[in-house]
There are 2 protein chains.
Amino acid sequence: MKLVTYVNTFLKNPQNGRLKPTMQKAPEPKKRANLRDVAKAAGVSVATVSRVLNEPTVVKKDTLEKVQTAIAELKFVPSAAARAINSGRTRFVGALVPTLDNAIFARFLAALERKLSDHQLSLIVATTEARLDIEAEKAKSLIDIGAEGLIITGATHSPAFHDLIERTMVPTIITSFFDPENPLPTIGYDNATAAQLALQHLADLGHRDIAVVHGPVHDNDRTRERLAGLKALSFAGNLATFETEISHQGGADVAKQLGNLRHRPDAILCLSDVVALGVLLGLQAQKIVVPDQISMVGIDDLPTSAVTVPPLTSVHLPVSRMGECAADALAHWITTQQEPKPEKLGARLIVRGSTKEV
Amino acid sequence: MKLVTYVNTFLKNPQNGRLKPTMQKAPEPKKRANLRDVAKAAGVSVATVSRVLNEPTVVKKDTLEKVQTAIAELKFVPSAAARAINSGRTRFVGALVPTLDNAIFARFLAALERKLSDHQLSLIVATTEARLDIEAEKAKSLIDIGAEGLIITGATHSPAFHDLIERTMVPTIITSFFDPENPLPTIGYDNATAAQLALQHLADLGHRDIAVVHGPVHDNDRTRERLAGLKALSFAGNLATFETEISHQGGADVAKQLGNLRHRPDAILCLSDVVALGVLLGLQAQKIVVPDQISMVGIDDLPTSAVTVPPLTSVHLPVSRMGECAADALAHWITTQQEPKPEKLGARLIVRGSTKEV
DNA sequence: TTGACATATGTAACTAGTTTCATCAACCTC
DNA sequence: GAGGTTGATGAAACTAGTTACATATGTCAA
């Protein structure tokens with residue numbers, strides 16, 4: 001299919017900058033072969049060539065070979081656009097993530113892309129900067145350019161977005177979030193449980209005065225769910241929440257705040273590992289020793305969390321598997337028109353060195 | 001343009017799973033409007049509608065309004081596929097990066113995507129796992145599906161890849177690498193200079209026994225250039241190189257090796273910040289104090305590097321700007337057919353707390 | 001009043017595929 | 001040997017746009 005685009009544009013601009021204005025005739029920009037060319041070369045009709053491409057079994061063996069030879073000789077690749085126009089299949093889907101600047105999404109997308117390509121689907125990535133208006137806008141342009149499906153993050157979206165999905169009925173899967181009741185299928189972990197796992201661990205170790213550090217709750221239902229999970233757990237102690245930017249810097253900033261507190265909590269629960277790493281660094285800068293002076297738990301379990309000093313106790317979220325499941329589910333939805341079942345992926349606590357009994 | 005795909009597929013599967021098998025007639029899957037529908041509704045010809053879309057100035061004012069009303073009423077969005085088929089423009093480009101799992105590429109892609117969308121271009125991201133064969137394969141499928149341009153990393157590629165680009169003449173820009181002589185335009189920093197900046201800094205501080213930690217050199221010309229830059233600098237001391245995986249874990253592994261050395265170097269130069277952070281953590285795990293016992297420099301200057309303990313001295317590489325420049329250059333190349341000039345972006349040393357005079 | 005020209009719009013051909021329907025030959029059955 | 005069935009292929013219509021060319025008005029100068 002290569003070069004639909006470029007060759008055509010080229011042909012329409014004969015004064016192309018690449019051609020030197022010499023006397024010799026233009027180097028004959030060998031036009032890309034199309035179905036008709038192949039048909040002519042093979043001495044068959046276009047319908048037959050199309051059949052060779054799409055249902056080769058119905059074509060007689062020697063005809064098949066003739067056509068295939070012609071295809072090879074002319075280096076024919078069917079135009080994706082022309083195919084899309086009547087099959088309605090563009091073979092790409094879009095993924096909307098808040099940011100690429102967080103290893104958790106990068107890992108998710110890597111798995112998603114890998115698995116989608118098994119289904120012959122390309123992935124267009126769009127970042128929303130965690131803003132619902134940008135999300136709706138980018139979703140619209142993805143659908144406008146022909147995305148066959150969408151992968152989105154979380155269940156909270158703008159009315160414009162919901163309207164768009166409802167009108168267009170584009171298969172859309174929600175990730176990083178599990179809720180069997182959601183009108184759109186969700187594939188993710190239970191954020192409330194994940195947070196509870198972390199809190200329970202701290203509680204079991206005897207911590208009673210806990211700082212909860214999290215990213216912006218505005219427009220982020222994953223964070224809200226995690227916070228709600230914490231509140232739902234009957235915990236016999238104090239929880240103080242700190243909201244900050246999801247970045248190492250954001251975590252470090254909170255660490256500084258915590259260090260200055262007259263009454264310092266005895267444990268910190270970070271709702272994301274990126275923030276946790278930042279907090280850890282921030283504490284270290286103040287010579288506050290983890291876990292001796294303060295325990296720390298994170299959520300996400302990034303590979304880096306195993307390398308920190310001390311290694312971070314964290315709740316593992318299976319983002320790579322989530323990417324694979326989402327890819328399979330979306331591909332299946334697109335091909336069969338059957339909406340997939342929601343899938344709940346387990347989260348589990350990985351105890352490492354950043355937590356200690358009081 | 002929304003829903004080309006899905007509606008068509010839907011129409012071809014009237015037994016769609018979403019429709020309940022009730023008695024009432026199917027909810028009339030309101031077919032997406034096309035040019036002809038709009039023309040009929042507005043009482044004009046398809047050519048006029050097309051003109052309204054593409055060169056509205058040549059259309060009489062009240063005709064224009066009539067058509068625009070019809071477009072709005074029918075919620076008409078032109079099919080991208082149909083447009084692509086005769087304009088040859090698919091309005092998307094592909095980016096091939098080794099991995100998403102390194103903040104440096106994530107940041108680059110974020111900037112690239114942001115700027116491309118200003119040019120009305122979408123971005124398809126493909127990861128190559130730093131393998132040239134995968135790169136060539138994915139490049140081919142990107143071009144096959146109609147990518148109008150490609151953004152790639154580094155100047156070393158497989159023969160299949162070069163052949164592909166030459167045959168198809170798809171505009172392709174090399175990033176993370178600067179070489180005005182390269183047949184394909186490069187937009188990036190001078191890797192040799194960047195590495196030299198780091199080494200010179202260590203040399204100026206009096207370090208003479210330096211460990212150089214870097215990622216795989218196989219198939220990675222950026223790393224090779226950096227190493228070559230180091231060798232080219234007449235440095236009156238010892239350089240020992242350590243190759244490892246580009247990850248925090250990889251860095252930590254090397255740190256352990258270094259810690260076990262009977263004669264420990266007095267400084268570490270990491271050719272990437274991700275590795276540097278890993279090394280820093282690895283040293284810390286062994287209670288080796290930076291910079292008192294050993295100095296450290298990195299290259300990349302990730303935001304995290306400012307937060308580590310101690311904050312990492314690093315050579316800043318302007319990846320966001322690189323993304324923007326690449327987007328502009330590629331968009332310009334696609335629209336004007338004029339190959340852009342190579343662009344060299346400056347790198348500069350940011351001195352922080354991880355380096356100290358001997 | 002007529003010719004010249006510009007402006008606005010429509011007709012139909014074109015892009016590159018897929019798909020329906022018709023045709024024709026070959027084989028089998030009665 | 002006529003009739004029915006199957007298999008392979010082709011002609012032409014179809015997808016949804018763009019665009020070259022033709023045509024119909026309108027304005028102005030001669």
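Side chains included, hydrogens not; waters and symmetry mates left out as well; all remaining heavy atoms used. Protein chains get the first letters and strands the later ones, always in sequence-line order, with residue 1 at the start of each.
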Exercise. Once you round to the nearest 0.5 Å, how far does OG1 of B/Thr172 lie from CD of B/Glu339?
Worked result: 9.5 Å

Could you report the tightest heavy-atom contact between [X] and [Y], atom names first, then the distance?
X: A/Leu96; Y: A/Ala139; result: CD1-CB, 3.8 Å
X: A/Phe177; Y: A/Thr186; result: O-CB, 3.2 Å
X: B/Phe108; Y: B/Gly323; result: CE1-CA, 3.4 Å
X: A/Ala155; Y: A/Asn182; result: CB-ND2, 3.4 Å

Exercise. Among all residues two or more places apart in sequence or in another chain, which pass the salt bridge (Lys or Arg N to Asp or Glu O under 4.0 Å) test with A/Glu137?
Worked result: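 For A/Glu137 there are no salt bridge (Lys or Arg N to Asp or Glu O under 4.0 Å) partners, ignoring immediate neighbours.
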
Measure the distance from [atom1] on [X] to [atom2] on [N] and round it to the nearest whole Å.
X: B/Asn54; N: D/dA16; atom1: CG; atom2: C1'; value: 13 Å
X: A/Ile85; N: C/dC14; atom1: CD1; atom2: C1'; value: 12 Å
X: B/Arg89; N: D/dT18; atom1: CZ; atom2: P; value: 13 Å
X: B/Arg36; N: D/dC14; atom1: CZ; atom2: P; value: 11 Å
X: A/Leu74; N: C/dG17; atom1: CG; atom2: P; value: 12 Å
X: A/Leu35; N: D/dA11; atom1: CG; atom2: C1'; value: 15 Å

For this session: Sort and list the pairs that fulfil side chain to side chain donor-acceptor pair (under 3.5 Å) and have at least one residue in residues 116-126 of chain A, not counting sequence neighbours.
Result: A/His119-A/Asp328

Indicate whether OP1 or OP2 belonging to [N] is found under 4.0 Å from a side-chain N or O atom of [X].
X: A/Asn86; N: C/dT19; result: no
X: B/Arg83; N: D/dT18; result: yes
X: A/Asn34; N: C/dG17; result: no

Exercise. Does a donor on one side chain and an acceptor on the other come within less than 3.5 Å for B/Glu113 and A/Thr127?
Worked result: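 Per modelled atom types, B/Glu113 and A/Thr127 side chains form a pair under 3.5 Å.
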
Problem set entry | With sequence neighbours excluded, residues passing side-chain contact (heavy atoms from CB on, under 4.5 Å) with B/Lys40 | none

Exercise. Under a 4.0 Å N-O cut-off, is there an ion pair linking B/Arg89 with B/Glu148?
Worked result: yes

Exercise. Using 4.0 Å as the upper bound for N to carboxylate O, is an ion pair formed by B/Asp62 and B/Lys66?
Worked result: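 Salt bridge flag = no for B/Asp62 with B/Lys66.
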
Exercise. Can you list, by residue number, the residues of residues 42-50 of chain B that have a non-hydrogen atom closer than 4.0 angstrom to DNA chain D?
Worked result: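 When residues 42-50 of chain B is checked for heavy atoms under 4.0 Å from DNA chain D, the hits, listed by number, are B/Ala47, B/Ser50.
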
Problem set entry | Residues in contact with DNA chain C, drawn from residues 55-71 of chain A - heavy-atom cutoff 4.0 Å | none

Exercise. Using a cut-off of 4.0 Å between protein heavy atoms and nucleotide atoms, how would you tag nucleotides 21-28 of chain C 5' to 3' with B, S and -?
Worked result: --------

